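To keep things clear, I will list the structure first and then write my remarks on it.
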Amino acid sequence: MPIEQAARYAAEDADVTMHLHRTLYPRIAAHEALERIYREIEIPVSVVLQRMERNGVLIDAAALVRQSDELGRKMLDFERRAVEAAGQPFNLNSPKQLGEILFGRLGLPVVRKTASGAPSTDEEVLAKLAEDYPLPRIVLEWRALAKLKSTYTDKLPKMVDPRSGRVHTSYSQAVAVTGRLASSDPNLQNIPVRTPEGRRIREAFVAPPGSSIVSADYSQIELRIMAHISGDESLLRAFEQGLDVHRATASEIFGIAPADVSAEQRRYAKVINFGLIYGMSAYGLAANLGIERDAAKNYIERYFARYPGVARYMDETRALARSQGYVETVFGRRLWLSEINSPNGPRRSAAERAAINAPMQGTAADLIKMAMIAVQRWLDERRMASKLIMQVHDELVLEVPRAELDEVRSELPRLMTGVASLSVPLEVECGVGANWEQAH
DNA sequence: AGGTTAAGCGCG
DNA sequence: AAAGCGCGCTTAACCT
């Protein structure tokens with residue numbers, strides 16, 4: 001691009017930005033809480049984000065390339081078995097072709113249809129069909145590998161910047177309506193963790209020689225925020241006493257001593273605790289736990305009987321969202337809900353769920369942004385060489401030279417827990433390793 | 001050739 | 001009618 005043209009674009013960018021500022025800033029400044037979030041959080045964190053992007057993350061590209069090769073070989077084996085079960089070759093990556101094989105050629109029952117009316121072949125459907133037929137299981141296994149290979153092990157090595165030898169994500173500060181960040185090109189906020197094969201990818205997120213990866217994440221931050229906002233006595237007490245909150249919830253809804261809670265009961269309670277943060281219904285809980293809707297309804301009723309403060313929070317939040325058209329985080333960040341009074345039932349319900357979730361998700365976002373500012377300020381004041389390299393919603397990841405390791409390990413959790421004083425303590429789990437996987 | 005949408009799935 | 005919030009990325013299929 002000619003320099004004159006580049007200059008024109010740059011000038012236009014600056015001009016448009018200035019016009020936006022002159023129009024939008026007065027609307028922020030009209031509200032004290034919003035002005036503070038802008039001045040004390042968003043502007044300072046923008047500088048931190050820029051530095052994190054520029055720092056980048058060191059990737060063991062060769063290790064990922066080897067994993068790609070391994071995944072590819074395993075996929076070929078599943079492909080061979082899939083074609084054998086199907087009786088003809090087809091593209092396993094095409095839901096349309098897969099549907100024709102499963103529900104046409106092989107005559108399997110259609111479990112559910114997609115929005116556009118085609119028979120669904122998603123994970124839940126295939127898992128159900130896998131109880132009775134071989135092909136769905138093969139496709140599920142293949143898909144898991146294909147996802148890892150195409151999205152991560154093939155792509156990340158290609159994203160390494162030759163100038164720095166590192167991967168540089170881009171953080172969007174004004175995309176997520178709740179105040180969260182978003183990461184793209186590449187997205188470093190959805191690196192696999194839930195399966196062993198996935199975790200291997202995290203092993204390729206490494207520290208350079210002489211340094212370590214340090215990972216610090218807030219423990220159950222959204223549930224703690226729910227306790228704070230709702231003021232529910234039982235939930236507050238559980239966190240104050242440092243209890244295992246899922247066990248405590250199981251104890252409450254099953255009416256038994258914490259010590260007598262079984263693994264399955266704890267799992268149920270965990271699903272309920274998370275589901276509530278998202279405004280889940282009895283229908284959703286039943287589907288999730290594989291139980292009858294009546295049983296799910298019963299659990300939810302018992303939950304609300306034991307945590308009446310949470311029930312009150314849900315009702316009050318819906319009512320507030322309806323009357324003012326927005327909800328707020330603890331620090332006053334607003335999420336507008338244009339469909340909260342929609343005559344369309346499903347749309348209105350979706351807006352109500354978003355209203356219930358946003359104060360928790362958004363407050364967590366506020367807190368970790370404050371932590372990022374505090375951590376960066378501390379590193380700067382001490383002239384430290386440690387670097388913030390990633391943020392994953394409730395987790396901060398740093399690259400720390402050996403000489404600073406002890407100091408960072410002891411101070412990082414203090415900085416993160418100290419950003420605000422809610423009516424429950426904040427807790428941070430901090431780990432160290434040669435790579436991201438080991439740091440957990 | 002390039003853009004868009006649908007389906008599916010990775011994370012917190 | 002939908003049924004759990006918030007994101008981004010890949011591929012296939014379709015469209016211009």
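Letters go in sequence order (proteins before strands), and every chain restarts at 1. It should be emphasised that the depicted structure is a prediction, and the values quoted were computed from it without experimental measurement.
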Looking only at the side chain of [X] (C-beta and beyond, no hydrogens), which of the listed nucleotides [options] gets closest?
| X | options | result |
| --- | --- | --- |
| A:Ser116 | B:dG8, C:dT10, B:dA6 | B:dA6 |
| A:Gln97 | C:dA13, B:dA7, C:dC9 | C:dA13 |
| A:Thr114 | C:dC7, B:dG12, B:dG8 | B:dG8 |
| A:Arg202 | C:dG6, C:dT11, B:dC11 | B:dC11 |
| A:Arg180 | C:dA13, B:dA7, B:dG12 | B:dG12 |
| A:Val193 | B:dA7, C:dC5, B:dG12 | B:dG12 |

Heavy atoms only, 4.0 Å cut-off, all strands: where does [X] land among base, sugar-phosphate and nothing?
| X | value |
| --- | --- |
| A:Glu395 | nothing |
| A:Ser120 | sugar-phosphate |
| A:Asp217 | nothing |
| A:Glu123 | sugar-phosphate |

Measure from [atom1] on [X] to [atom2] on [N] and round the result to the nearest Å.
| X | N | atom1 | atom2 | answer |
| --- | --- | --- | --- | --- |
| A:Met280 | C:dA3 | CE | C1' | 11 Å |
| A:Leu156 | B:dC11 | CG | P | 14 Å |
| A:Tyr152 | C:dT11 | OH | P | 12 Å |
| A:Tyr171 | B:dC11 | OH | P | 17 Å |
| A:Glu437 | B:dC11 | CD | P | 12 Å |
| A:Trp142 | C:dT11 | CH2 | C1' | 9 Å |

Any side-chain N or O of [X] less than 4.0 Å from the OP1 or OP2 oxygen of [N]?
| X | N | answer |
| --- | --- | --- |
| A:Lys96 | C:dC14 | yes |
| A:Arg143 | B:dC9 | yes |
| A:Ser172 | C:dC7 | no |
| A:Ser184 | C:dG8 | no |
| A:Lys147 | B:dG8 | no |
| A:Ser349 | C:dA1 | no |
| A:Thr121 | B:dA7 | no |
| A:Ser94 | C:dA13 | yes |

Taking only Lys NZ, Arg NE, NH1 and NH2, and the carboxylate oxygens of Asp or Glu, determine whether [X] and [Y] approach each other closer than 4.0 Å.
| X | Y | result |
| --- | --- | --- |
| A:Arg202 | A:Glu437 | no |
| A:Glu197 | A:Lys147 | no |
| A:Arg306 | A:Glu233 | no |

Check this for me: does the side-chain of [X] come within 3.5 Å of the base of [N] through a donor and an acceptor?
| X | N | answer |
| --- | --- | --- |
| A:Asn190 | B:dG10 | yes |
| A:Arg194 | B:dG12 | yes |
| A:Gln361 | C:dC5 | yes |

For DNA chain C, report each stem as range with range, ordered by first number, or say none. Use Watson-Crick or G-U wobble pairs under 3.5 Å, at least 3 in a row.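 The stems are B:1-12 with C:5-16.
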Whichever of A:Ala176 and A:Asn91 has its nearest DNA chain C nucleotide further upstream toward 5': A:Ala176
Hey, which sits more toward the 5' end of DNA chain C by its nearest nucleotide, A:Leu335 or A:Arg293? A:Arg293
I want to know whether A:Phe78 and A:Trp142 have ring centres closer than 6.0 Å. no
Sub-6.0 Å ring centroid separation between A:Tyr38 and A:His31: no
Would you say the side chain of A:Leu98 lies within less than 4.5 Å of the side chain of A:Leu92, judging by non-hydrogen atoms? no
Does A:Asp232 reach the main-chain N or O of A:Gly309 with its side chain, forming a donor-acceptor pair under 3.5 Å?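 Checking the backbone N and O of A:Gly309 against the side chain of A:Asp232, a donor-acceptor pair under 3.5 Å is found.
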Considering only atom C1', compute the distance from B:dC9 to C:dA1 and round it to an integer number of Å.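 My reading of the C1' atoms in B:dC9 and C:dA1 gives 25 Å.
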Once the angle between the rings of A:Tyr299 and A:Phe254 is folded into 0 to 90°, is it parallel (under 30°), tilted (30 to 60°) or perpendicular (over 60°)? perpendicular
Ring pair (Phe, Tyr, Trp, His ring centres under 6.0 Å) pairs, two or more places apart, involving residues 319-356 of chain A: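 Counting only pairs at least two positions apart or across chains, the ring pair (Phe, Tyr, Trp, His ring centres under 6.0 Å) contacts touching residues 319-356 of chain A are A:Tyr326-A:Trp336.
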